[in-house]
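Inspection log for the structure reproduced underneath, given as structure tokens.
Chain letters run A, B, ... following the sequence lines, proteins first, then strands; residues in each count from 1.
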Amino acid sequence: MKLGYPCINRSIGCTANSTFRLKSYSKERLLSTVQNNLDCLQKILEWNVEHGFLFFRIGSPLVPFASHPICKIDWVKHFKEQLKSVGDFIKKNKMRISMHPDQFVLINAKDKRIVENSKKELEYHCKLLEAMGLDSTAKVMIHVGGVYGDKEESIGRFIRSYRKLPAFVKKRFVIENDERCYDLKDCLMLSKKMNVPVVFDKFHHECKNNGESVKHGLMLAKKTWKRKDGLIMVHYSDQKKSARKGSHSEHIDLRQFRNFIGQTKGIDFDLMLEIKDKEKSALKAIGILKKLKYFKS
DNA sequence: AGTTGTCAAGCTAGT
DNA sequence: ACTAGCTTGACAACT
């Protein structure tokens, strides 16, 4: 198991998600922002290695406006050396990387422009991982998308749209069960038709399922990951107390975390802790896993 | 220096 | 009808 947290580390004093307003776009602004983001990403990765976190999600704004028509710069070429150097650090330390484009990426949208923008955004994410020299175990995950009042039709659009994606996107493309529209069962069905792996989100599964236990759900999803895809990625969070259903908890609940680890004993997976306080909870979780001999102390 | 409204992009369910 | 929630955080214009 590799353990990680998404996008942000608040103990370092820099962010790899720095961006700016579209209005203030300039070539110089873009280059200096990306430079800053890459420098900080390297620092976060170093901190992660020191603290035993070998799984990390890189935030989408690493290259702001990368998929927007305003961006004419060949950033892959411009940051070639540095991207490769970050990638080499990741490989040297046997780290696992994922990315998760945001809610605007909907390849099953009815509006063709939304699909086209989504495709561009997916291409940006994959180009970035490619430029770092990472293999097909570095994944880019999205939810299936909207229902638009007709789930069958929307699923059909999803499959047709996926088939048109370029190969370098397909090789990293992964779907994740969400808490409202497309649950594990839907994702497994799509996985069978499209031959894509399924991220198992434990919290979303608790919100919406078809009676499968967490352990059984995880094992079903695990089968969708082939050798080239690497170990299954699992997302972990809990329900925030006295908040509406689906909102992620602020801090990790150690009793529930121990319970989850107990339930899934004997199954190997890479675990992403989607807790709002990020590395703070991740440190608590790794403490528990060290005691249980999942990791060396 | 600290506070507050706003930001490229969309959808769903809860209130 | 409205808006929180989703990886919401971080920028930028205002006190």
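Nucleotides B:dC11 and C:dA10 are separated by 26 Å at their P atoms, to the nearest Å. Separating the P atom of C:dT3 from that of B:dC7 is a span of 16 Å, rounded to the nearest Å. Taking atom P in both C:dT8 and C:dA13, the straight-line distance is 26 Å, to the nearest Å. Taking atom P on both C:dG5 and B:dT3, the two are 23 Å apart, rounded to the nearest angstrom. A distance of about 24 Å separates the P atoms of B:dT12 and C:dG9, rounded to the whole Å. C:dT7 and B:dT6: their P atoms are spaced 25 Å apart (whole Å).
One interatomic measurement links the two molecules: NE2 of A:H235 to P of C:dT7, which rounds to 9 Å at whole-angstrom precision. Protein atom CD1 of A:I275 is 11 Å distant from nucleotide atom P of C:dT8, rounded to whole Å. When the C1' atom of C:dA4 is taken as reference, atom CD of A:E179 falls 12 Å away, rounded to whole Å. Straight-line distance from the CE atom of A:M272 to the P atom of C:dT7: 12 Å, rounded to whole Å. Nucleotide C:dG5 holds its P atom 17 Å from the CG atom of A:D201, rounded to whole Å. Following rounding to the nearest Å, A:Q239 (CD) and C:dG5 (C1') show an atom-to-atom distance of 11 Å.
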Exercise. Which nucleotides of nucleotides 9-15 of chain C have their base under 4.0 Å from a protein heavy atom (B), which only their sugar-phosphate (S), and which neither (-), written as one string 5' to 3'?
Worked result: SBBS---

Seminar exercise, completed: Once base and sugar-phosphate atoms are separated, protein heavy atoms under 4.0 Å mark nucleotides 9-15 of chain B, 5' to 3', with B, S and - as BBSBBB-

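Phosphate proximity of C:dT7 to A:H204: present, with a side-chain N or O under 4.0 Å from OP1 or OP2. Using a 4.0 Å cut-off, some side-chain N or O of A:H143 falls inside it from OP1 or OP2 of C:dT7. At C:dT7, one or more side-chain N or O atoms of A:H100 fall inside 4.0 Å of OP1 or OP2 (strictly under the cut-off).
Using a 4.0 Å cut-off between charged side-chain N and carboxylate O, A:D88 and A:K84 make a salt bridge. Using a 4.0 Å cut-off between charged side-chain N and carboxylate O, A:K91 and A:D135 make no salt bridge.
Tracing side-chain contacts under 4.5 Å through hydrophobic residues (I, L, V, M, F, W, Y), one never reaches A:F260 starting from A:L231; they form parts of separate clusters.
Put simply, the residue from A:K120, A:E123, A:H125, A:E121 that forms a side-chain hydrogen bond (donor to acceptor under 3.5 Å, both in side chains) with A:S67 is A:E121. Exactly one residue among A:L271, A:L273, A:V199 makes a side chain to side chain contact (heavy atoms under 4.5 Å, CB included) with A:H235. That residue is A:V199.
Using the Watson-Crick or G-U wobble rule with both distances under 3.5 Å, B:dC7 pairs with C:dG9. With a cut-off of 3.5 Å on both Watson-Crick or G-U wobble distances, the partner of C:dA4 is given as B:dT12.
Residues A:H143 and A:H100 place their aromatic rings such that the two centres sit under 6.0 Å apart. Residues A:F203 and A:H248 bring their aromatic ring centres within 6.0 Å. Close placement of the A:F20 and A:F65 rings is indicated, their centers lying within 6.0 Å of each other.
Between A:Y236 and A:D201, the side chains place no donor N or O within less than 3.5 Å of an acceptor N or O (distance only, hydrogens not considered).
Residue contacts for A:P64: at a heavy-atom cut-off of 4.0 Å it reaches no nucleic acid atom on any strand shown.
Residues satisfying the salt bridge (charged side-chain N to carboxylate O under 4.0 Å, His left out) test with A:E46, not counting sequence neighbours, are none.
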